[in-house]
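Report on the following structure.
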Amino acid sequence: PPCHEVWQNRFTATLLLGMLATAIAVLIGFPLGVIAGLNQNSWADTTSLFLATIFYGVPNFVLAIFLIIIFGSWLGWMRIIELDYWANPQSWMMPAFVLAVPTAAFLARLTRTSVLEVMRMDYVRTARAKGLSERAVVIRHILRNSLIPIVTFLGPALATLIVGSFIIETQFTITGIGRLFVESITR
């Protein structure tokens with residue numbers, strides 16, 4: 001097949017995997033960070049920080065092997081090898097989750113730090129002194145202003161997830177750019 005067709009098909013798969021992993025990372029990391037930040041020095045904060053530290057330190061390929069063994073072999077909940085990966089959501093959730101875990105862990109820590117920093121600002125104290133409800137203070141002032149570093153982080157994070165999928169695509173037999181590079185190096 002022509003070179004541009006190979007690149008286009010494979011890049012589409014890698015791009016979809018990266019975007020899905022970014023969405024999963026935001027859905028996991030942001031709420032964990034907000035909960036940890038709003039409940040500083042509580043059991044939720046300690047648990048969130050512990051999990052974020054553990055999952056940020058575990059390499060993707062090690063987590064992938066464990067998930068393949070547990071959910072693919074032992075429990076039989078997930079299919080490990082698929083011919084058409086995007087036909088079945090069950091088959092692409094595990095690689096997307098594996099790619100998302102370190103980013104979600106970093107995002108949780110970044111969100112916690114940002115929430116704690118914004119909570120100490122003068123305008124938050126002023127909003128509370130005006131008599132706004134705690135929910136309004138959290139939504140209007142704390143969350144809105146703590147999103148600035150998080151949104152700044154998400155652009156490079158998406159690029160990192162797209163580029164960093166080489167090993168994961170090979171482990172889960174996804175026909176993307178990463179697997180193409182690994183196959184070309186092997187050949």
> Any idea which heavy atoms bring L20 and M93 closest together, and the distance?
Replying inline: CD2-SD, 4.5 Å

>> One pair to check against side chain to side chain contact (heavy atoms under 4.5 Å, CB included): V101 and N60. What are the steps and the verdict?
In response: CA-CA 8 Å; V101 163; N60 282 352; 5.7 Å; no

> CD1/I139 to CD/E134 distance, rounded to the nearest 0.5 angstrom?
Replying inline: 10.5 Å

>> Let me check something: do L99 and V58 share a hydrophobic cluster, defined by ILVMFWY side-chain heavy atoms less than 4.5 Å apart, either directly or through other members?
In response: yes

> Are L147 and L32 connected in a single hydrophobic cluster, I mean Ile/Leu/Val/Met/Phe/Trp/Tyr linked by side-chain heavy atoms less than 4.5 Å apart?
Replying inline: no

>> What's the separation between atom CG in L107 and atom OH in Y56, rounded to the nearest 0.5 Å?
In response: 11.5 Å

> With the 4.5 Å side-chain cut-off for hydrophobic clustering, are F166 and M19 part of the same group?
Replying inline: yes

>> Using a 3.5 Å distance criterion without hydrogens, assess whether the side chain of S114 forms a donor-acceptor pair with backbone atoms of L110.
In response: no

> Say you draw a straight line from CE of M119 to CZ of R125; how long is it, rounded to the nearest 0.5 Å?
Replying inline: 11.0 Å

>> Would a single hydrophobic cluster contain both I167 and L67, if residues Ile, Leu, Val, Met, Phe, Trp and Tyr are joined by side-chain heavy-atom contacts under 4.5 Å?
In response: yes

>> Just so I know, are the side chains of I35 and S48 near enough to count as touching, which here means a heavy-atom distance under 4.5 Å?
In response: no

> Any idea which heavy atoms bring A105 and A52 closest together, and the distance?
Replying inline: CB-O, 3.3 Å

>> Nearest 0.5 angstrom please: T46 OG1 to W43 CH2, how far?
In response: 10.0 Å

>> Assess the residue pair V118 and H141 against the criterion (side chain to side chain contact (heavy atoms under 4.5 Å, CB included)); give the C-alpha distance rounded to whole Å, side-chain angles, the decisive distance to 0.1 Å, and a yes or no.
In response: CA-CA 8 Å; V118 170; H141 297 285; 5.9 Å; no

> Quick one: CD on E169 to CD1 on I177, what's the gap to the nearest 0.5 Å?
Replying inline: 8.0 Å

>> Looking at every heavy atom in both P149 and S146, which two are closest together, and how far apart are they?
In response: CD-O, 3.4 Å

>> Between T103 and T160, is there a side-chain heavy-atom distance shorter than 4.5 Å?
In response: no

>> Same cluster or not: L116 versus F50, using hydrophobic residues (I, L, V, M, F, W, Y) connected whenever any side-chain heavy atoms lie under 4.5 Å apart?
In response: no

>> Would you say OH of Y123 has more than 12 non-hydrogen atoms from neighbouring residues, nucleotides or ligands within 6.0 angstrom?
In response: yes

> How far apart are the C-alpha atoms of M121 and N145, what are their side-chain angles, what is the distance that settles it, and do they pass the side chain to side chain contact (heavy atoms under 4.5 Å, CB included) test?
Replying inline: CA-CA 10 Å; M121 294 291 192; N145 290 304; over 6 Å; no

> What's the shortest heavy-atom distance between L158 and G18, and which atoms?
Replying inline: CD1-O, 3.6 Å

>> With side chain to side chain contact (heavy atoms under 4.5 Å, CB included) as the criterion, how do R140 and L132 come out once you've worked through the C-alpha distance, each side chain's angles and the decisive distance to 0.1 Å?
In response: CA-CA 10 Å; R140 287 186 197 156; L132 285 177; 4.0 Å; yes

> By salt bridge (Lys or Arg N to Asp or Glu O under 4.0 Å), which residues pair with R109, not counting sequence neighbours?
Replying inline: none

>> Distance check, rounded to the nearest 0.5 Å: L38 atom CG versus L143 atom CG?
In response: 6.5 Å

> Within a radius of less than 6.0 Å around CZ of F97, do more than 12 heavy atoms belonging to other residues, nucleotides or ligands occur?
Replying inline: no

> Looking at F172 and A64, what are the two nearest heavy atoms and their distance?
Replying inline: CE1-CB, 3.7 Å

> Closest approach of T175 and A13, non-hydrogen atoms and distance?
Replying inline: O-CB, 3.5 Å

